[in-house]
Amino acid sequence: MRLVFPPDHPGQASSLPVSSLLKALARGRQWYEWIVSGEVSGRRSIAQKLGLDERYVGRVLECAFLAPDIVEAILDGRQPPDLTFKKLTNRLPFTWIEQRRELGFQPPHSRQ
């Protein structure tokens, strides 16, 4: 359970990174690097190597293709309060604009 305050609430603590989101980003990037380097041939071989479900590996692997500003926001703990691991890894759109819209991030030019 998470308590969510409006952004301008005086008692709001600063945001903190969410460990499940950080783990998804790190794994997705690491697994992508394994594929690029030839260490593994794809998500099936990653799943076999790590004893994980192939669908899970595929969903997390998509995190390697997130918009850079989304990755930065998650690392800084500035993600939308309703962003969960499940939402992050549920069939991410390919375009960064659609990723921002679906995950609840503002376009980069409209941030202050």
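In what follows, residues are counted from 1 in the order of the sequence shown.
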Which donor-acceptor pairs under 3.5 Å do the side chains of residues 57-64 make with protein atoms, sequence neighbours left out?
unit_1 : atom_1 : unit_2 : atom_2 : d
R59    : NE     : T89    : O      : 3.0
R59    : NH2    : T89    : OG1    : 3.2
E62    : OE1    : L92    : N      : 3.1

TODO: Not counting sequence neighbours, which residues clear side-chain hydrogen bond (donor to acceptor under 3.5 Å, both in side chains) with Q48? List them please.
DONE: none

TODO: Check whether any side-chain N or O of Q99 sits under 3.5 Å from a backbone N or O of F65 as a donor-acceptor pair, and report yes or no.
DONE: yes

Open item on the list: Looking at P93, is its backbone amide N or carbonyl O close enough to the side chain of E102 to form a donor-acceptor pair, meaning the two atoms are under 3.5 Å apart?
Closed with: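 No: the side chain of E102 does not pair with the backbone of P93.
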
Could you pull out the closest heavy-atom pair between [X] and [Y], with the gap in Å?
X    : Y    : answer
G104 : P80  : O-CG, 3.2 Å
R100 : P108 : NE-CD, 3.4 Å
S20  : F85  : O-CD1, 3.7 Å

Task: hydrophobic_cluster_shared for V40 and V36, side chain cutoff 4.5 Å - done: yes

If you measure from [atom1] on [X] to [atom2] on [Y], what distance do you get to the nearest 0.5 Å?
X   : Y   : atom1 : atom2 : result
S41 : K49 : OG    : NZ    : 11.0 Å
I46 : E39 : CD1   : CD    : 9.0 Å
R43 : E54 : CZ    : CD    : 5.0 Å
Q79 : I70 : CD    : CD1   : 11.5 Å
L88 : L66 : CG    : CG    : 5.5 Å

Acceptor/donor pairs from residues 21-34 side chains to any protein atom, 3.5 angstrom cut, sequence neighbours excluded:
unit_1 : atom_1 : unit_2 : atom_2 : d
R27    : NH1    : Y56    : OH     : 2.7
R29    : NH2    : E33    : OE2    : 2.8

TODO: Decide yes or no on side-chain contact (heavy atoms from CB on, under 4.5 Å) for V18 and I74, but give the supporting numbers first.
DONE: CA-CA 8 Å; V18 176; I74 291 171; over 6 Å; no

